[in-house]
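Note that this is a predicted model, so its numbers are computed, not measured.
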Amino acid sequence: MTVALLPPKMDFVFKRIFGNENHPNVLISFLNAVLNPVDPIKSVSLKDTTIEKSHLEDKYSRLDVKAITNKGEHINIEIQLKDEYNMIKRSLYYWSKLYEGQLENGENYQKLSRTICINLLDFNLLNHDKFHSVYRLKDCETNEELTDVMELHFIELKKMKDVNRVEEVKTKLEAWLYFINQPDSELVQELEKVEVEIKEAKAELVRLSGDRKERERYEKRRESRLNEISALSYAEEKGAKKEKIEIAKNAIKNGFDNETIIKLTGLSLKEVKEIRKEQN
């Protein structure tokens, strides 16, 4: 019986594949695909590779991939499944922590190295069609770059086009993203034949998926993430309801009838009557 593959989009699975000390070439290939450096990355040193039980069960914990390249670059990769409406500021915050954390008290600022945050998002964030966006510090008028020490990447998985043939995959980054999105697709099976690192990543994913203990750990993480999403959805619904009530209150003050308020807000007649009673 074929075992269903675990989804690489889940942070636990992503870290077990791309943050795996036994498969450094997988991360090196992925980073070179994302960063497209003139001088390709040749080796990486992984940080925080262990995944504690407390991290699996804590719905607010982060299971990022952290690494230092052979060029001394500090890199953090985070994968986010749900829009929490704070992604840009969140990324800036974690970039600043990674940058600041390089120095001990009294050390020279010259020791600070290029620091890169890569955000893989399973939702649309930016108002354009590109799936990969890169940001650095530049002058607003001349576009002159101040420094490349700060770099933020946003990769929006839902903006990837559906393709069926290897010939339609234009870049190594696209190949990796198809693997992350749909590892069991026929397209990925074909990509495995021409991309050795994707074949290696797929083999590790198959191994993880067939390991009972790893699946149990995945299920714990999945449950904690579902709890987080549920909590966020509840907060969103509560906020939306509060906004509708405020609109209804203002409409009542301005003399709108119940039918119009219902059309404006989507509230029920009973809810509108209760708000109107409170206003009197």
Side-chain angles (χ1 to χ4, degrees), residues 11-12 14-52 54-55 58 60-80 84-121 125-126 130-156 171-173 176-177 180 197 201:
D11 58 3
F12 165 74
F14 185 87
K15 182 161 183 169
R16 297 291 279 127
I17 296 172
F18 291 89
N20 192 323
E21 292 176 320
N22 296 322
H23 301 282
N25 288 336
V26 169
L27 180 59
I28 292 168
S29 172
F30 179 75
L31 290 178
N32 281 325
V34 173
L35 304 179
N36 194 27
V38 175
D39 178 22
I41 296 166
K42 296 179 176 63
S43 64
V44 289
S45 172
L46 284 159
K47 300 167 64 180
D48 303 333
T49 57
T50 57
I51 302 176
E52 303 291 343
S54 58
H55 291 154
D58 180 0
Y60 297 115
S61 67
R62 301 169 72 235
L63 295 182
D64 299 353
V65 174
K66 295 179 179 146
I68 301 174
T69 72
N70 59 287
K71 295 183 280 185
E73 300 159 313
H74 289 245
I75 295 177
N76 184 84
I77 309 172
E78 177 180 11
I79 190 156
Q80 275 288 101
E84 298 179 18
Y85 307 104
N86 61 6
M87 194 64 233
I88 294 171
K89 289 184 177 180
R90 175 191 177 107
S91 185
L92 284 166
Y93 173 76
Y94 286 118
W95 175 89
S96 68
K97 297 292 284 183
L98 192 61
Y99 187 64
E100 180 268 340
Q102 297 174 35
L103 289 186
E104 299 292 338
N105 288 337
E107 286 189 323
N108 194 307
Y109 292 127
Q110 290 298 113
K111 288 189 175 182
L112 289 166
S113 299
R114 179 164 143 85
T115 304
I116 303 164
C117 282
I118 299 169
N119 303 284
L120 283 157
L121 312 175
L125 175 71
L126 303 168
K130 292 194 307 174
F131 66 84
H132 182 202
S133 304
V134 187
Y135 295 89
R136 292 182 185 168
L137 291 172
K138 295 186 177 184
D139 183 274
C140 293
E141 286 188 20
T142 65
N143 208 37
E144 179 185 5
E145 187 168 272
L146 178 66
T147 175
D148 70 349
V149 77
M150 176 186 188
E151 190 167 292
L152 301 180
H153 292 249
F154 296 97
I155 299 172
E156 300 168 84
T171 65
K172 189 70 169 280
L173 177 56
W176 274 118
L177 299 184
I180 292 168
E197 294 90 0

Measure the shortest side-chain to side-chain distance between [X] and [Y] over non-hydrogen atoms and say whether it is less than 4.5 angstrom.
X: Leu126; Y: Tyr135; result: yes
X: Phe18; Y: Ile180; result: yes
X: Ile118; Y: Leu31; result: yes
X: Ile116; Y: Leu35; result: yes
X: Ile77; Y: Leu27; result: yes
X: Leu103; Y: Tyr109; result: yes
X: Asn70; Y: Ile41; result: yes

Please list, chain by chain and in numerical order, all residues satisfying side chain to side chain donor-acceptor pair (under 3.5 Å) with Glu151, sequence neighbours excluded.
Arg114, Arg136, His153

Going by side chain to side chain donor-acceptor pair (under 3.5 Å), name the residues that satisfy it together with Thr69, two or more places apart in sequence or in a different chain.
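Once residues adjacent in sequence are excluded, the partners of Thr69 under the side chain to side chain donor-acceptor pair (under 3.5 Å) criterion are Glu73.
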
Gap between atom [atom2] of [Y] and atom [atom1] of [X] - 0.5 Å precision:
X: Lys47; Y: Asp64; atom1: NZ; atom2: CG; answer: 11.5 Å
X: Phe14; Y: Leu63; atom1: CZ; atom2: CG; answer: 11.5 Å
X: Asn119; Y: Met87; atom1: CG; atom2: CE; answer: 4.0 Å
X: Leu125; Y: Ser133; atom1: CG; atom2: OG; answer: 8.5 Å
X: Lys130; Y: Ile155; atom1: NZ; atom2: CD1; answer: 11.5 Å
X: Lys138; Y: Thr147; atom1: NZ; atom2: OG1; answer: 12.0 Å

Give a yes or no on whether the backbone of [Y] and the side-chain of [X] come within a donor-acceptor separation of less than 3.5 Å.
X: Lys15; Y: Val65; value: no
X: Glu21; Y: Leu46; value: no
X: Ser96; Y: Tyr93; value: yes
X: Asn25; Y: Glu197; value: no

Assess whether side-chain contact (heavy atoms from CB on, under 4.5 Å) is satisfied between Val44 and Ile75, documenting all intermediate values.
CA-CA 10 Å; Val44 289; Ile75 295 177; over 6 Å; no

In a check of side-chain hydrogen bond (donor to acceptor under 3.5 Å, both in side chains) between Thr115 and each of Glu100, His74, Gln102, Lys97, which one passes?
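For Thr115, the side-chain hydrogen bond (donor to acceptor under 3.5 Å, both in side chains) test succeeds with only one of Glu100, His74, Gln102, Lys97, which is Gln102.
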
With sequence neighbours excluded, what pairs up with [X] under the salt bridge (charged side-chain N to carboxylate O under 4.0 Å, His left out) test?
X: Lys111; answer: Glu107
X: Glu144; answer: none
X: Lys66; answer: Asp48

Closest non-hydrogen atom pair between [X] and [Y], with its separation:
X: Pro24; Y: Asn22; result: CD-C, 3.4 Å
X: Lys71; Y: Pro40; result: NZ-C, 4.5 Å
X: Ser113; Y: Gly72; result: CB-O, 3.1 Å

Evaluation steps, side-chain contact (heavy atoms from CB on, under 4.5 Å), between Leu120 and Trp176
CA-CA 12 Å; Leu120 283 157; Trp176 274 118; over 6 Å; no

Pairs flagged by side chain to side chain donor-acceptor pair (under 3.5 Å) wherever residues 32-41 is involved - sequence neighbours left out
Asp39-Lys42

Residues Tyr99, Met150; criterion side-chain contact (heavy atoms from CB on, under 4.5 Å); working and verdict:
CA-CA 9 Å; Tyr99 187 64; Met150 176 186 188; over 6 Å; no

Walk me through it: do Ile88 and Leu152 pass the test side-chain contact (heavy atoms from CB on, under 4.5 Å)?
CA-CA 9 Å; Ile88 294 171; Leu152 301 180; 5.8 Å; no

